[in-house]
Novice: 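So that we are looking at the same thing, I have put the structure below in structure tokens.
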Amino acid sequence: MQTEEGYSHALGNRQVQMIAIGGAIGVGLFLGAGGRLHAAGPALVLSYAVAGLAAFFVMRALGELVLYRPTSGSFVEYAADFVGPWAAFASGWMYWVNWAFTGIAELTAISIYVSMWAPQFPRWLTALIALAFVLTVNLLSVRLFGELEFWFALLKVLAICAFLVIGLVLVIFGLDLGGNSAGIANLTAHDGFFPNGFPVVLMSLQSVIFAYSSIEVVGIAAGETKDPRKVMPKAINSVIWRIAFFYVGSVLLLGMVLPWTAYGPDQSPFVTVFAALGAPWAADAMNLVVITAAMSSCNSGLYSTGRILRAMARKGEAPAFAGQLSSRHVPYGGILITATVFVAGVVLYYFVPERAFNIATAIASLGVVTTWGTLVFCQIRLRRAAERGLLERPPFRMPGSPYTGWLTLGFLALVVLLMPFADADQRIAFFCIPLLVVVIVAGWRIVGSRRHVEAPELPKVPGVPGVPVD
């Protein structure tokens with residue numbers, strides 16, 4: 001059976017649930033948490049908690065939108081429905097920017113992980129091999145993507161659960177790890193809970209937001225899901241408690257198991273813990289897991305951008321090649337466009353290996369903030385239209401709307417405003433904002449001139465011709 005967009009209902013409940021988990025556990029936790037702990041200290045857990053709360057409201061906003069109209073175009077379609085075609089164009093391309101640079105970061109992470117076993121092997125070549133693998137998977141079939149993501153996610157969950165159990169045992173019994181005793185005292189020892197001050201914790205919000213990126217992939221999967229109105233609420237709710245359990249819980253335990261000074265940006269903090277246990281095989285096993293985590297995220301990036309670019313291409317807002325669909329119902333055009341940028345990222349890594357990851361994650365975060373903001377704002381518009389009797393809100397709703405929506409938007413704006421006051425890599429990303437705006441505005445003008453029509457003054461509610469949202 002095919003959707004109106006030409007896709008097949010190839011993803012079942014089991015796979016969608018695991019796609020939700022895979023989106024909620026990525027390289028931002030497995031690699032990035034080490035460098036952030038080293039910079040901010042134990043207080044980093046506060047950043048994860050606050051950003052996690054924002055992620056909760058974003059996911060519930062997404063859930064309400066998905067139940068209103070399941071589509072693989074996701075927030076691009078919702079932006080067109082509730083804001084206007086220009087918003088769909090801008091948010092779609094910013095989402096692509098997010099995943100283009102996220103993929104670069106993931107490939108960079110894979111090469112760092114593999115270098116633990118093969119330090120002499122060229123890292124750029126490792127990244128290229130990893131890209132070839134996930135590209136092949138995405139081009140073959142949706143079912144293969146879902147199955148691979150299921151096993152990737154299962155491995156990640158088992159590894160995190162193993163760490164949480166072992167970490168709790170270490171903390172409860174105060175066991176020794178390489179000369180350091182695990183315990184709650186590590187949260188306040190070594191210059192206190194805020195060893196480098198509270199401002200550093202605030203500055204970490206951008207990188208923490210990146211750690212939560214891709215949780216929205218489950219919404220894109222709605223268009224290829226059997227019975228989405230039954231499956232999606234469960235999948236979205238599961239992401240929320242996993243954020244609290246896996247992210248906040250893991251960072252808190254990392255801060256208690258070892259002093260924050262033991263972690264660094266060049267190794268996964270989980271590998272650091274298992275190496276300190278004196279069990280090389282455990283460190284190797286965890287290193288394998290973090291490699292699959294990065295592969296999983298890169299896999300999801302190709303999947304989601306392929307669908308988003310195709311949705312835009314069908315409206316003339318992306319190259320026509322992006323709209324191509326294979327006989328296996330795979331949007332290979334959009335996937336190949338994103339893969340080309342991933343290759344450019346491998347070149348970037350070849351020239352600046354020590355900064356490629358941080359620059360990529362900082363620029364990707366701009367796309368994350370735009371995507372999240374779009375989802376929340378669209379939910380606010382959906383609610384407003386429902387109050388006017390123009391449509392019916394689904395029963396799965398965002399709690400506390402519209403106040404929680406506006407607070408979430410304010411938080412996302414704060415994350416962006418803090419970027420120029422952080423490190424040099426975040427400043428590069430912040431000063432890219434005017435360039436991105438100019439490119440998107442120019443692109444929208446080109447699209448408009450091709451259509452030979454003017455943008456409507458007010459967006460219309462889908463299914464209610466001629467009735468504006470405002």
Novice: Between Phe396 and Arg60, is there a cation-pi geometry (under 6.0 Å to ring centre, at most 45° from the normal)?
Specialist: yes
Novice: Are Val416 and Leu412 close enough, and set up right, to give a side chain to side chain contact (heavy atoms under 4.5 Å, CB included), and what steps lead you there?
Specialist: CA-CA 7 Å; Val416 174; Leu412 295 175; over 6 Å; no
Novice: Measure from the side-chain N and O atoms of Ser401 to the backbone N and O of Met398, and report whether any donor-acceptor pair falls under 3.5 Å.
Specialist: no
Novice: Could you pull out the closest heavy-atom pair between Ala339 and Leu131, with the gap in Å?
Specialist: O-CD2, 3.9 Å
Novice: Could you walk me through whether Val346 and Leu107 pass the side chain to side chain contact (heavy atoms under 4.5 Å, CB included) test, one step at a time?
Specialist: CA-CA 8 Å; Val346 173; Leu107 294 173; 4.3 Å; yes
Novice: Given Phe193 and Leu46, is the side chain to side chain contact (heavy atoms under 4.5 Å, CB included) satisfied, shown in steps?
Specialist: CA-CA 11 Å; Phe193 190 65; Leu46 298 180; 3.8 Å; yes
Novice: Using a 4.5 Å cut-off on heavy atoms from C-beta on, say whether the side chain of Leu325 contacts that of Arg310.
Specialist: yes
Novice: Taking all heavy atoms of Cys298 and all of Val134, pick out the closest pair and write down the distance.
Specialist: SG-CG2, 4.0 Å
Novice: Quick one, Trp151 and Leu154 - any side-chain contact, counting heavy atoms below 4.5 Å?
Specialist: yes
Novice: For the pair Trp93 (side chain) and Glu317 (backbone), establish whether a donor and an acceptor sit closer than 3.5 Å, ignoring hydrogens and angles.
Specialist: yes
Novice: Which pairs with one or both residues in residues 423-438 pass side chain to side chain donor-acceptor pair (under 3.5 Å), sequence neighbours excluded?
Specialist: Gln206-Gln426, Arg355-Asp425
Novice: Hey, what do you get for SG (Cys161) to NZ (Lys156), rounding to the nearest 0.5 Å?
Specialist: 13.0 Å
Novice: Go through the structure and list residues passing ring pair (Phe, Tyr, Trp, His ring centres under 6.0 Å) with Phe270, not counting sequence neighbours.
Specialist: Phe30, Phe163
Novice: Of all the heavy-atom pairs spanning Arg36 and Ser204, show the shortest one and how long it is.
Specialist: CD-O, 4.3 Å
Novice: Going by heavy atoms in the side chains, are Pro233 and Leu67 under 4.5 Å from each other?
Specialist: yes
Novice: Without swapping roles, check the side chain of Thr404 against the backbone of Pro399 for a donor-acceptor pair under 3.5 Å.
Specialist: yes
Novice: Would you call Glu387-Arg383 a salt bridge at under 4.0 Å N-O?
Specialist: yes
Novice: Measuring from Ile104:CD1 to Ile359:CD1, what's the distance to the nearest 0.5 Å?
Specialist: 10.0 Å
Novice: Classify the ring geometry between Trp444 and Phe89 as parallel (under 30°), tilted (30 to 60°) or perpendicular (over 60°).
Specialist: tilted
Novice: Please name the residue in the list Leu187, Asn196, Leu254 that meets the side-chain contact (heavy atoms from CB on, under 4.5 Å) test with Trp260.
Specialist: Asn196
Novice: Mind checking whether Thr370 and Asn98 have side chains closer than 4.5 Å, heavy atoms only?
Specialist: no
Novice: Calculate, to the nearest 0.5 Å, the distance between atoms CD1 and OG1 belonging to Ile335 and Thr340 respectively.
Specialist: 12.0 Å
Novice: Going from CG on Leu302 to CH2 on Trp99, what distance comes out if it is rounded to the nearest 0.5 angstrom?
Specialist: 9.0 Å
Novice: Just to verify, what does Phe431 make a ring pair (Phe, Tyr, Trp, His ring centres under 6.0 Å) with, not counting sequence neighbours?
Specialist: none
Novice: Kindly give the heavy-atom pair with the smallest separation between Ser111 and Ala127, and that separation in Å.
Specialist: CB-N, 4.5 Å
Novice: Do Gln379 and Phe57 have side chains that get closer than 4.5 Å, going by heavy atoms?
Specialist: no
Novice: Where do Ala313 and Gly323 come nearest, in terms of heavy atoms and distance?
Specialist: CB-N, 3.4 Å
Novice: With rounding to the nearest 0.5 angstrom, report the CD to CG distance, Glu392 to Leu382.
Specialist: 11.0 Å
Novice: I want to check something: taking the side chain as every heavy atom from C-beta on, are Val97 and Leu366 in contact at a cut-off of under 4.5 Å?
Specialist: no
Novice: With the side chain counted from C-beta on, respond yes when Ser250 and Tyr48 share a heavy-atom pair under 4.5 Å apart, and no when they do not.
Specialist: no
Novice: Does a side-chain N-to-carboxylate-O contact under 4.0 Å join Asp81 and Arg381?
Specialist: no
Novice: Output yes when a side-chain donor or acceptor of Thr272 lies under 3.5 Å from a complementary backbone atom of Tyr263, and no otherwise.
Specialist: no
Novice: Taking the six-membered ring for Trp, is the centroid-to-centroid distance between Tyr68 and Phe82 below 6.0 Å?
Specialist: yes
Novice: Test side-chain hydrogen bond (donor to acceptor under 3.5 Å, both in side chains) on Trp96 and Thr338 and set out the steps.
Specialist: CA-CA 8 Å; Trp96 180 82; Thr338 304; 3.1 Å; yes
Novice: Rounded to the nearest 0.5 Å, how far apart are CE of Met286 and CD1 of Ile291?
Specialist: 12.5 Å
Novice: Would Tyr332 and Phe321 satisfy side chain to side chain contact (heavy atoms under 4.5 Å, CB included), going step by step from the backbone distance to the final call?
Specialist: CA-CA 9 Å; Tyr332 68 88; Phe321 178 66; 3.9 Å; yes
Novice: Which atom names give the shortest non-hydrogen contact between Ala39 and Val200, and what distance separates them?
Specialist: O-CG1, 3.4 Å
Novice: Any side-chain heavy atom of Phe411 within less than 4.5 Å of one from Val50?
Specialist: yes
Novice: Does Arg397 reach the main-chain N or O of Pro394 with its side chain, forming a donor-acceptor pair under 3.5 Å?
Specialist: yes
Novice: Is the backbone of Ala43 close enough, under 3.5 Å, to the side chain of Ser47 for a donor and an acceptor to pair up by distance?
Specialist: no
